[in-house]
Amino acid sequence: MTNDCSKLTAIVLAGGKSSRMGEDKALIPIQGVPLLQRVCGIAQGCADTVYIVTPWPERYQNLLLPNCQFIREVPLSGDTGGPLVGFAQGLAQVKTDWVLLLACDLPKLRVEVLQDWAGKLDSVGDEAIIAYLVHHPKGWEPLCGFYNRRCLPLLLDFITQGGRSFQQWLQQHQVAALPLTEPDMLFNCNTPEDLALS
Ligand SMILES: Nc1nc2c(ncn2[C@@H]2O[C@H](COP(=O)(O)OP(=O)(O)OP(=O)(O)O)[C@@H](O)[C@H]2O)c(=O)[nH]1
């Protein structure tokens, strides 16, 4: 991996229901900037191309920053898909070896930390490693880390067999840990109460 932006694509997932928030999280302004736009702005600091995967691009059209583009998520028949399916649809469009995957609800992301992680991964030689993620007591944090494009066939197999859980999928493969020096960075904004802390 690399800290050269041209070798990394970012995928930002923005297709959740925001049921705990009660309104679309992606549109909520944090310090005057809608959350989705804020996350895309940070992703731009690491990647030349930023894909926003969402079933409803029209909703976010006026938030689009340079070098960002939508991938319209196609619902799977009979199920809502969820973030794993959104990721697979985004990953299918990626041309770079490595992808930075981000949720759209991370108000405390730090571009310096993401760049530092990307730069350290230059030395990855182990082809069995499909992702570099932060590990916490509940498992891997899937929505703020790096995936190798090689994982797409594995992901599609898992989805075809009915899998929808990132945790279950990641348990089946080799993942390496990223150092988390700033735990606050992974703070998810899920509820109106969380907004007060953002
Ligand atoms: N593209 C896409 N993104 C999703 C989907 N489901 C969740 N996400 C994104 O995944 C991230 C984490 O989502 P969650 O907070 O777990 O779920 P949510 O649906 O947004 O919120 P809740 O309804 O409160 O659980 C956010 O960036 C969501 O926009 C999906 O089906 N498709």
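For this chain, numbers begin at 1 and follow the sequence in order. First listed ligand is number 1; within each ligand, the first listed atom is number 1.
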Taking Arg20 first and then Glu193, would you say they form a salt bridge - that is, a charged N and a carboxylate O separated by under 4.0 Å?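 Here Arg20 does not pair with Glu193 in a salt bridge, since their nearest N and O are not under 4.0 Å apart.
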Which protein residues come within less than 4.0 angstrom of ligand 1, counting heavy atoms only?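 Correct list: Leu13, Ala14, Gly15, Gly16, Lys17, Ser18, Ser19, Arg20, Lys25, Val53, Glu73, Thr80, Gly82, Pro83, Ala103, Cys104, Asp105, Leu143, Asn190.
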Is the shortest heavy-atom distance from the side chain of Asp97 to the side chain of Lys7 under 4.5 Å?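 No, side chains not in contact.
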For the student: nearest non-hydrogen atoms of Ala118 and Leu8, plus distance: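 Between these two residues, the closest heavy atoms are CB-CD2, 4.2 Å.
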Among the clusters formed by ILVMFWY side chains lying less than 4.5 Å apart, do Phe146 and Val134 turn up in the same one?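 Both belong to a single hydrophobic cluster.
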Parallel, tilted or perpendicular for Tyr147 and Phe87, by the 30°/60° rule?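 Tilted, since the angle between the ring planes falls between 30° and 60°.
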Under 3.5 Å, which donor-acceptor pairs link side chains of residues 177-186 to any protein atom two or more places apart or in another chain?
unit_1	atom_1	unit_2	atom_2	d
Glu182	OE1	Arg110	NH1	2.4
Glu182	OE2	Arg110	NH1	2.7

